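Notes for the one structure printed next.
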Amino acid sequence: KGKHMRFIKLPQVISITGLSRSSIYLAISENRFPQQVPLGARSVVWIESEVQEFMQNCVANRRGSI
């Protein structure tokens, strides 16, 4: 793709998506949101492009969802 992969932390995911922490983790458990990437014992990140793709899918599906 020629794009650089960028890691983002939970506060950025919340800011970008407008979802709450609990909503994000619920959606992950239901396989509706991108999985975290573990960086260490107590550190996880998300891949920014996957979060953006999730949002694009939400927009694309908005006509059929209530």
Side-chain angles (χ1 to χ4, degrees):
K1 290 183 178 180
K3 291 187 177 183
H4 295 289
M5 189 180 300
R6 183 169 165 220
F7 290 149
I8 56 175
K9 292 186 174 274
L10 184 60
Q12 292 170 287
V13 175
I14 291 169
S15 176
I16 290 168
T17 63
L19 297 172
S20 68
R21 179 186 190 281
S22 58
S23 295
I24 290 167
Y25 281 104
L26 176 63
I28 290 169
S29 73
E30 296 174 345
N31 293 316
R32 296 185 295 111
F33 196 83
Q35 293 283 325
Q36 319 89 305
V37 177
L39 286 187
R42 300 191 63 204
S43 180
V44 296
V45 294
W46 283 260
I47 300 170
E48 184 178 38
S49 61
E50 291 181 359
V51 174
Q52 290 172 341
E53 184 179 342
F54 163 81
M55 294 173 64
Q56 289 168 350
N57 289 338
C58 288
V59 171
N61 295 330
R62 67 182 162 186
R63 291 180 188 264
S65 62
I66 297 292

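Everything numeric in this text was worked out from a predicted model, so none of it was measured.
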ILVMFWY cluster, [X] and [Y] together (side-chain gap under 4.5 Å):
{"X": "Tyr25", "Y": "Phe54", "value": "yes"}
{"X": "Val13", "Y": "Leu39", "value": "no"}
{"X": "Val44", "Y": "Val51", "value": "yes"}

Using 0.5 Å steps for rounding, measure from the [atom1] atom of [X] to the [atom2] atom of [Y].
{"X": "Arg62", "Y": "Asn57", "atom1": "CZ", "atom2": "CG", "answer": "13.0 Å"}
{"X": "Ile47", "Y": "Met5", "atom1": "CD1", "atom2": "CE", "answer": "4.5 Å"}
{"X": "Leu10", "Y": "Arg21", "atom1": "CG", "atom2": "CZ", "answer": "6.5 Å"}
{"X": "Ser49", "Y": "His4", "atom1": "OG", "atom2": "NE2", "answer": "12.5 Å"}
{"X": "Phe7", "Y": "Gln12", "atom1": "CZ", "atom2": "CD", "answer": "12.5 Å"}

Under a 3.5 Å distance rule, please check whether Glu30 uses its side chain to pair with a backbone N or O of Ala27 as donor and acceptor.
no

Within the distance-only criterion (no hydrogens, no angle test), does the side chain of Ser43 pair as donor or acceptor with the backbone N or O of Gly40 below 3.5 angstrom?
no

Which heavy atom in [X] sits nearest to a heavy atom in [Y], and how many Å separate them?
{"X": "Ile14", "Y": "Leu19", "answer": "CG2-O, 3.3 Å"}
{"X": "Ile8", "Y": "Glu48", "answer": "CD1-CA, 4.0 Å"}
{"X": "Gln35", "Y": "Trp46", "answer": "O-CD1, 3.8 Å"}
{"X": "Pro34", "Y": "Glu50", "answer": "CG-O, 3.4 Å"}

Quick one: does Phe33's side chain get under 4.5 Å of Thr17's, heavy atoms only?
yes

